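Scroll down for the structure; my scribbles are underneath it.
Nothing here was measured: the structure is a model prediction, and the numbers come from that model.
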2 protein chains.
Amino acid sequence: MSTRFRFTLGATDGRARTGTIHTPRGTIRTPAFMPVGTAATVKAMLPESVRATGADILLGNTYHLMLRPGAERIARLGGLHRFMNWDRPILTDSGGFQVMSLAALRKLTEDGVTFSSHIDGSKHMLSPETSMEIQRLLGSDIVMCFDECPALPATPDDVAKSMRLSMRWAQRSRDAFGDRPGHALFGIMQGGVTPELRQESASALTAIGFDGYAIGGLAVGEGQEAMFGVLDYAPGFLPADKPRYLMGVGKPDDIVGAVQRGIDMMDCVLPSRSGRTGQAWTRRGQVNVKNARHADDPRPLDEDCTCPACTGYSRAYLHHVFRAGEMISGMLLTWHNLHYFQELMAGLRGAITEGRLDDFVADFHASRAGGDIPPL
Amino acid sequence: MSTRFRFTLGATDGRARTGTIHTPRGTIRTPAFMPVGTAATVKAMLPESVRATGADILLGNTYHLMLRPGAERIARLGGLHRFMNWDRPILTDSGGFQVMSLAALRKLTEDGVTFSSHIDGSKHMLSPETSMEIQRLLGSDIVMCFDECPALPATPDDVAKSMRLSMRWAQRSRDAFGDRPGHALFGIMQGGVTPELRQESASALTAIGFDGYAIGGLAVGEGQEAMFGVLDYAPGFLPADKPRYLMGVGKPDDIVGAVQRGIDMMDCVLPSRSGRTGQAWTRRGQVNVKNARHADDPRPLDEDCTCPACTGYSRAYLHHVFRAGEMISGMLLTWHNLHYFQELMAGLRGAITEGRLDDFVADFHASRAGGDIPPL
C-alpha cells in the first residue's frame with residue numbers, strides 16, 4: 001500500500017482523453033469499463049477470466065454486500081478483494097441507488113434512509129456515515145459518496161431539492177471518510193437535465209474536493225439523447241485533472257458517445273446480464289443466440305474475436321446450450337460480451353492516443369449499421 | 001486417425017490393474033473416471049477446465065443428444081468433439097438406459113424401443129441399428145452396444161429374459177457397427193445379481209467379441225454390498241486383456257472398491273451434480289457448503305487440494321455464493337469435485353503401480369472416517 005491514489009492524463013482528442021489511475025492495487029487504464037460484481041462475483045465468470053478480458057477494476061455493490069454476507073463478515077475474512085479472489089482495484093457504489101430501486105419500506109430523512117432488506121425483510125439504515133464505514137470494511141479502493149437519486153419522473157424542484165440534499169451528504173461523506181492514503185473518495189454530481197443545477201452541484205463538490213467525480217442521475221431511463229445532452233456540458237463543470245465517472249452506462253454506443261464527451265470511467269451490468277439471456281454484443285451488432293436461425297450455423301459469433309466463445313464454438317453450439325439451459329451458455333456469452341466491451345475500450349484508448357477518434361467512431365457505427373450478420 | 005484402438009495392461013495388485021487405452025484421439029490412463037457431458041457439456045465447466053482436472057475421456061449421452069440438438073445436426077457440424085470443443089476421446093452410451101428412465105410412452109419389442117421425447121413429446125425409435133448409427137454420427141470413439149435394462153424390482157426370470165434380449169441386441173449391434181478402425185465397440189454384460197446369468201451373459205459377449213466389456217445393470221439402486229458382491233466374481237468372467245467398464249459408478253468408496261475388484265473404467269454424474277447442489281467431496285469426507293457453520297470459516301474446502309476452489313476461496317465465500325444463487329458456486333464446486341475424483345484415480349493408479357493398494361485403501365477409509373472437519 002505504498003502508492004498513493006493519483007490520476008495522470010495522457011492524450012486528448014477533442015474532449016476525449018486517455019489517462020491512468022494509479023492505486024496501490026494496480027493501475028487503471030482510462031477510459032475504463034468496470035464489470036459489475038454485485039454479490040462478490042461477476043456472474044458466470046471466474047475472476048481470472050474477468051482479468052483475461054482486460055478489466056483493470058471491478059465494481060462491487062454496497063447495498064447487496066451489506067445485506068449478504070454482511071460488511072463486518074467480509075472485513076473479518078480479510079476484505080472484499082481476498083473474499084472474492086480479485087487483487088486488483090475495486091470501486092464500490094454507496095448503496096444509495098440500490099436502496100431506492102430494490103429495498104422495501106424506505107424512509108428518507110435528512111439523516112439518511114431506513115429500509116427493509118429485499119432478501120429477508122431485516123431493517124437497515126444507510127447514511128453518509130454508515131455508507132463510508134461499510135465501504136471501509138469492504139476495503140474498497142474507490143469509495144463513492146452516499147447520495148440520493150430521485151425517482152423519475154421528477155419536477156425540476158424535486159431534482160433541485162434532492163441534489164442539494166446529496167451535496168450536504170457529500171460533505172458528510174467527505175468528513176466521515178477522513179484521510180485514508182491509497183484509497184479514493186469520489187463525489188457524485190446530480191441535477192438531472194438542468195444545466196444550472198448540474199453547475200451548482202459541480203461547484204459544491206469541487207468546493208469540498210474529491211479524488212474523482214461521478215456524473216449521477218443519468219442512465220435511469222431518460223434516453224440517450226437526453227444523456228448526451230447533459231454530457232455535452234456537464235463534464236466541463238468538473239476539474240480536468242480528476243477522473244470523471246459516468247455511473248451505470250451502458251450500451252456500446254452509449255460508451256462511445258460518453259468517451260467522446262470526456263468521460264473516463266463507466267460501469268454496467270449489461271454485458272453480463274445480456275450474456276445470461278442469450279444476447280451477444282459484437283462489432284457487427286447484437287446476436288440473439290436463441291434465434292432458430294443459428295441452429296445449424298457453424299460460424300462463430302464473430303470471426304475476428306479472440307475470446308474463448310468465438311475461438312472454440314459455433315453459433316449452433318451456443319444456440320444448443322442456451323436452449324438446453326446449460327450453464328456454459330451464460331459462461332461463454334458473458335465472457336464474450338466482457339471481452340468485446342474491453343476490446344472496445346482498448347480501441348477507444350488507442351484511437352484517442354493516435355488522434356483518430358472521429359474515424360474510429362465512424363467505423364464503429366458503420367460496422368454496426370448492417371445489424372446482425374445474415375443467415376447462411 | 002492413424003492409431004488403432006488397443007488396450008495395454010500395466011501393473012497389477014491383487015485383482016486391481018493399471019493400463020492404457022490407446023485411441024487416435026489420445027490415451028486413457030486406467031483405472032479411469034469419465035466425467036459426464038450429457039448435453040454436449042460437462043455442466044458448469046469449460047472443456048479445458050475438465051481437461052485440467054486430469055480427465056482423459058468424457059461420456060456423452062446418446063438419448064439426450066439424439067433429441068437435442070440431433071445426431072444428424074451434430075454430424076453436419078463436424079461431430080461431437082468439434083461441436084463441444086473437446087478433442088480427446090469420447091465414450092457414448094447407447095441410449096438404452098436413459099430411454100427406460102426418462103422417456104415417456106415406451107414400447108419395447110424384439111426390434112427395439114419406441115418412445116416419446118421428454119423434451120417435446122416427439123416420437124422416436126431406438127434399436128441396435130439406430131443406436132449404432134446415432135453413435136457413428138456423433139463420432140464417438142467408444143461406442144456402447146444397445147441393451148435393455150429391466151426396471152427394478154425384477155424377478156430372476158425377468159432378469160434372464162431381459163439379459164438374453166440384450167445379448168441378441170449385442171450381436172445386432174456388432175453387425176451394425178461393422179469395421180471402423182480407430183473406433184471401439186463395447187459389449188454390456190447383464191444378468192442382475194445371479195452369477196449363472198452373469199456367466200451366461202459374459203460367454204455370449206465374448207463369443208461375439210468386443211473391444212471392451214461393460215458391467216451393466218448395477219448402480220441402479222441395489223446398494224454397495226450387492227454391487228460389490230457381483231464385482232467379486234463378474235470381472236473374472238471377462239477377458240483379462242480388454243478394458244472392463246462399470247457403468248454409472250459412483251461415490252468415491254464405490255470407485256475404490258470397484259478398482260480393487262478389477263474395474264478399469266467408470267462414469268458418474270455425481271461430482272458435477274453434487275457441485276451444483278453445494279456438496280463437495282474431499283479426502284476428509286463430504287462438505288455441505290450451504291451449512292451455516294461455514295458462514296465465517298476462512299479455511300478452504302481442503303487445505304491440501306490444488307484446485308481453483310481450494311486455492312482461491314474460503315468456505316465462507318463458497319457458502320455465500322451458494323446462498324446467493326450465484327453461478328460461480330456450481331462452477332467452483334464442480335471443478336473441485338472433478339479434481340478430487342481425478343486425483344483419487346491418479347492415487348489408485350500410483351498405488352497399484354507401486355504394489356501398495358491395500359495401504360492406499362486403508363488410508364482412504366481412515367481419512368474419511370472422521371467425516372467432515374470440525375468447525376472453528
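Remark: B/Ser274 pairs with B/Leu270, B/Gln279, B/Trp281, B/Asn337 by the side chain to side chain contact (heavy atoms under 4.5 Å, CB included) rule, at least two apart or across chains.
Using a 4.5 Å cut-off between heavy atoms, A/Arg68 touches chain B through backbone and side chain atoms alike. Within the 4.5 angstrom heavy-atom criterion, only side-chain atoms of A/Leu77, from C-beta onward, approach chain B. Only the side chain of A/Leu332 comes within less than 4.5 Å of a heavy atom of chain B; its backbone N, CA, C and O stay farther away.
Heavy-atom neighbours of chain B within the stretch residues 78-87 of chain A, taken at a separation under 4.5 angstrom, comprise A/Arg82, A/Phe83, A/Met84, A/Asn85. Contacts from residues 50-67 of chain A to chain B, taken as heavy-atom pairs separated by less than 4.5 Å, involve no residues at all. Within residues 316-329 of chain B, the residues having any heavy atom closer than 4.5 Å to a heavy atom of chain A are B/Ala316, B/Tyr317, B/His320, B/Val321, B/Arg323, B/Ala324, B/Glu326, B/Met327, B/Ile328, listed by residue number.
Nearest heavy atom pair, residue A/Met331 against residue B/Met331, reads CE-CE, 3.9 Å.
At most 12 non-hydrogen atoms from other residues, nucleotides or ligands lie less than 6.0 angstrom from CZ of B/Arg273. Counting non-hydrogen atoms of other residues, nucleotides and ligands closer than 6.0 Å to CZ of B/Phe97 gives a total of 12 or fewer.
Highest contact tally toward chain B, considering only A/Gly312, A/Gly70, A/Pro308, is held by A/Gly312 [criterion: heavy-atom pairs under 4.5 Å].
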